[in-house]
Each structure stands twice: as structure tokens, then as C-alpha cells.
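First the structure, in the form of C-alpha cells, and then the observations on it.
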Amino acid sequence: MLSDKKVSVIVRTKNEERWIVSCLNAVFSQKHKNFEVIIVDNESSDKTLEKVRQYPVKRVVTCRDYRPGKALNMGIREAEGEYIVSLAGHCIPVNDQWLNKLLLNFDDPKVAGVYGRQEALDFTSDADKRDLALVFGLDRKVQLKDSLFHNANSMIRRDIWHEAPFDEGITNIEDRVWAQNILQKGFKVIYEPEASVYHYHGIHQNGDAERCTNVVRVLKSLHSDYTYKSIDVDKLNIAALIPVKGPAQYLDNKPLLSYTLKRAFESKYIKKTIVSTDNIQLADLAKDLGAEAPFIRDASFSKESVDLAKVYQYSLNKIEDLKILPDIVVCLEITFPFRPKGLIDDMILQLVQDGLDSVIAARRENKAMWHQKEGSIQQIVEGLTPREFKDPTFMELKGVACVTHPEFIRQGNLLGKKIGIYELNDPYSHLEVRNKEDFGLASLLINTWWK
């Protein structure tokens, strides 16, 4: 019976740390249990492989001088299954029937390969949404002449691969070349729409933007299945990282740290809350309050001259050395005790649903702003223009919250290129507590505000 057959899932990766957890979570949740996973990695320089090691993969194979056919053949040579799946490391099976839906097509011995549907995510560009919807339709197809085949999501018979391995000399479309060869031998290729994966960037990444937007709008109006999903945020490993230097400070007889920790603990999505401090007593206090403080920060990172981004970089490296591998990091500073309830989760959802690199809290500023440079004062927004006609200007408040991906922190930055703004409307949320005057004002407001 096909339901008993062993399947080998070959996952090809290259710096897929943002996607690999969602990909492997979905693979290891399949109803068909007789499978093994082999990773073929193209010398990833991020944390892809460390995250892979959290799963019971059979083997990790390194492919240098990468070509897609070469990588697949390397993985298949390590495989034991009668059926071979090719899955891109940034593709996410839609449900737990994905393997079954691929496998059931092989009851016909003339079927050599099956490829599944690819669906867009919510933040996929309109060009890619259009192309995915047009190429990967809703009807199953039996292909006798058409060599369309796609190894981002496919399954083949291992015995046929022995006769016809993938071409290792070409740089792309190794899947179509293989399918053309197979069809000429008298076999069939099946397109199975019910074996679907989410593929964020699609198969084509260009096109007229306005035309693409119109096409996507029409597709969505024609069929309810043309809707777009987001990554399942509940399955991501999200960590809050809170840098603190020196001994504990108190506001209204409570540790200043406690106000930030309370908001972090309220989050539905944060799984670990980690305090990075240079002070042993404060580390103990953080633990007493319910946070983790797994290391004492080197005092050299507490100097005024040290950029806070470097502190986050150091702290991330320390927790990753401890095998704490977050998919998303929420950066919080304790000097902002008036952080609104729900802000953190709203920002996490904004990052995930919009496919952003980073999201920062910020306050809109509608008044004229001036910049001093080289002894002169220069206006940087339209001064006398009525505010309803001004382009919005925002004052960055990363200390309130910055939600980002670890790859940017690891590079010594907090932010990637694709930035989202979370606008703060609460009149107190931007207030920062650093000096005596700040503490005096905050002590008058804190009880009323937190109620």
C-alpha cells in the first residue's frame, strides 16, 4: 500500500533561518509518518543549520559549487525512501495531508513525478501572487506532453531517478529538463493542487506593478481559493531581549525593570524573556521577577560610547551560543515604563503579516522640524504647509519596542531594509525615564497610567 511506503524529503537550504522553522514544523506534522528528512545545504552562513539540528533530520549534506540538480542528486544518494520529495527550505506545506496528497498519485505505475500547488503569502508581491495563481491552478492535471514541473514542491519515484537523475550541469530549470526527458520515455507527470505549499517569493519576480495589482484583484474576485495566508506566528520562537546596565533602579518603589517585564510577560507570542545585564544583583532580581538572565554581560559593553546595537549583537551571540535560537527578537529598553498594553503583540503581527524586516515604534510629528548642521539651522519638513497635506514625519522610539529578525542584529544593526512603523498614539508612551527629573515626573503619572 502506498500509505506504508517510505518517503525521503530532500530540503534544499541557503540562509533560510527565517523560514526553516515553519518549513520543518509543517513537515514533521504530516499524517504520513514513514518518512525521513535530509537537508542539502549550500554553505549557509546564518543560523539555518543550528535551527535544523533542533529536528530529527536524518542527515545534513553540504553542497558546494551549488547547482539545483547537483544538490538534489546529492540528497537522493543519501536517501532510503522509495519516493523522493524535493522541497525548498523556504516553502511551507499548507496542511498535514501534503505528503499523502503527493503520494496517492503513484497508484498508476506510469506516473513518474508529481508536483504540487504553490500559494502566496499575504505579503508576497502582487507580481508573484499573479504568477503563482496563474501557473498553479485548482484542477488536477495529467501531463503527457507538457513538461511543466517544479522542484520547490515535488515527488518522484526513486527507481526512475536511477534511470534519469537530474542534470547537474545546468543552473536552473533542472525540473523541466527532467520532466521532458521522462515524458519522452512514455511516463506521465501529475499536477496535484491539493498537495500545496506556501512559497513567499513565487516563481517569477518581475512585471508591471500596476498591471499585476489589477490581475491579482480579478483573481481574488473570481475564486475564493485565491486568498493569501501569513506565517503561523504561534509556531515561531520569539524572544524578548532587554539590555540593562548597573544596579537596579526603582520607580514608585518597584524595580524599573518590572514595568518592561510585565509587558513582555503579557505577550501571547514571546516564548523567552531575557535580560542582558552587567550586574549580578540585577540578574538575580530579573530571575526573581520571572525573566531569564543566562549570562553576565561584559562590562566593556556598558560604556556610554558603545552603540546599543552592539550590545544587542553581543547579547544575541551569547544566547545563540547557549542554543537559544530565536526566529524573531523583540528589543525593549527599561527606560520606557509607559509602554501601552498590547503594543508588543501588535508589532509582532505587523512584522509577520506584512513580511517586514523590522518594525519600530514611533510617534508622528506634524509640526515643523529643524536640523542643525555645520553651524546652520535647516528645516527638514514643509513648514507652513497645512498639516493635512504634509508627508508624515515620525520620531523613532526603538526603546519602546523594536521587533526584528536576528540576522540584522547579528550584523551589528537592529533594522533591515524593509521597515514598518508602529505609530504610538498614547500621550505618555514616548516618555523616557533616565534622570532625576524624569523619575520625578514618572512617579506622578505611573500609578494612574497603569491603572
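Only heavy atoms go into these numbers, but all of them, side chains included; no hydrogens, no water, no symmetry mates.
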Suppose the criterion is salt bridge (Lys or Arg N to Asp or Glu O under 4.0 Å): which pairs have a residue in [range], not counting sequence neighbours?
{"range": "residues 338-351", "result": "Glu266-Lys341"}
{"range": "residues 246-261", "result": "none"}
{"range": "residues 413-433", "result": "Arg364-Glu423, Glu432-Arg434"}
{"range": "residues 234-245", "result": "Lys245-Glu304"}

Would you call the rings of His90 and His201 parallel, tilted or perpendicular, where under 30° means parallel and over 60° means perpendicular?
tilted
Parallel under 30°, tilted from 30 to 60°, perpendicular over 60°: which one fits the rings of Tyr314 and Phe295?
perpendicular
With a cut-off of 6.0 Å (strictly less than), are more than 12 heavy atoms of other residues, nucleotides or ligands near [atom1] of [X]?
{"X": "Leu322", "atom1": "CG", "result": "yes"}
{"X": "Lys31", "atom1": "NZ", "result": "no"}
{"X": "Lys33", "atom1": "NZ", "result": "yes"}
{"X": "Lys268", "atom1": "NZ", "result": "no"}
{"X": "Tyr428", "atom1": "OH", "result": "no"}

Ignoring hydrogens, what is the shortest heavy-atom contact between [X] and [Y]? Give both atom names and the distance.
{"X": "Leu241", "Y": "Leu316", "answer": "CD2-N, 4.2 Å"}
{"X": "His430", "Y": "Phe336", "answer": "O-CE2, 3.6 Å"}
{"X": "Ser86", "Y": "Leu72", "answer": "OG-CD2, 3.3 Å"}
{"X": "Val85", "Y": "Leu102", "answer": "CG2-CD1, 4.4 Å"}
{"X": "Pro243", "Y": "Tyr312", "answer": "CD-OH, 3.3 Å"}

Any donor and acceptor pair, going by atom type alone, linking the side chain of [X] with main-chain N or O of [Y] inside 3.5 Å?
{"X": "His405", "Y": "Glu407", "answer": "no"}
{"X": "Asp357", "Y": "Ile419", "answer": "no"}
{"X": "Lys398", "Y": "Glu333", "answer": "no"}
{"X": "Arg363", "Y": "Met395", "answer": "no"}
{"X": "Lys14", "Y": "Asn42", "answer": "yes"}
{"X": "Gln30", "Y": "Leu99", "answer": "yes"}
{"X": "Ser8", "Y": "Gly81", "answer": "yes"}
{"X": "Thr13", "Y": "Gly89", "answer": "no"}
{"X": "Thr273", "Y": "Ala240", "answer": "no"}
{"X": "Asp232", "Y": "Ser22", "answer": "no"}

Taking the six-membered ring of Trp450 (Phe, Tyr or Trp), confirm whether the NZ or CZ of Arg263 is under 6.0 Å from its centre and within 45° of its axis.
yes
Who pairs with Tyr115 by ring pair (Phe, Tyr, Trp, His ring centres under 6.0 Å), at least two apart in sequence or on another chain?
Phe149, Tyr191
Trp161 vs Ile84, side-chain contact (heavy atoms from CB on, under 4.5 Å): CA-CA, chis, key distance, verdict
CA-CA 9 Å; Trp161 172 82; Ile84 306 294; 5.8 Å; no
For [X] and [Y], which I'm curious about, is there any donor-acceptor pair between the side chains at under 3.5 Å?
{"X": "Thr48", "Y": "Asp46", "value": "yes"}
{"X": "Asp96", "Y": "Ser29", "value": "no"}
{"X": "Arg297", "Y": "Ser315", "value": "no"}
{"X": "Gln118", "Y": "Asn153", "value": "no"}

First locate atom CD1 of Ile319, then atom CD1 of Ile324, and finally report the distance between them rounded to the nearest 0.5 Å.
5.5 Å
Which distance, rounded to the nearest 0.5 Å, do you find between the CG of Leu49 and the CD of Glu16?
11.0 Å
Can you list, pair by pair, the side-chain donor-acceptor contacts under 3.5 Å of residues 348-355, counting residues two or more places apart and other chains?
unit_1, atom_1, unit_2, atom_2, d
Gln350, NE2, Ile421, O, 3.2

Run the salt-bridge test on Arg410 and Glu50 with the 4.0 Å N-O cut-off and return the result as yes or no.
no
With a 4.5 Å heavy-atom cut-off, do Thr62 and Glu43 have their side chains touching?
yes
Go through Lys272 and Glu292 one step at a time and tell me if the side-chain contact (heavy atoms from CB on, under 4.5 Å) criterion holds.
CA-CA 8 Å; Lys272 283 185 176 291; Glu292 297 182 42; 3.1 Å; yes
Determine, using ring centers only, whether Phe28 and Phe35 are less than 6.0 Å apart.
yes
Trace of the side-chain contact (heavy atoms from CB on, under 4.5 Å) decision for Leu332 with Ile344
CA-CA 9 Å; Leu332 305 168; Ile344 292 173; 3.9 Å; yes
Test side-chain hydrogen bond (donor to acceptor under 3.5 Å, both in side chains) on Asn279 and Thr277 and set out the steps.
CA-CA 5 Å; Asn279 185 283; Thr277 180; 5.5 Å; no
Run Lys262 and Tyr259 through side-chain contact (heavy atoms from CB on, under 4.5 Å) and show every step you take.
CA-CA 5 Å; Lys262 181 173 174 59; Tyr259 297 98; 5.9 Å; no
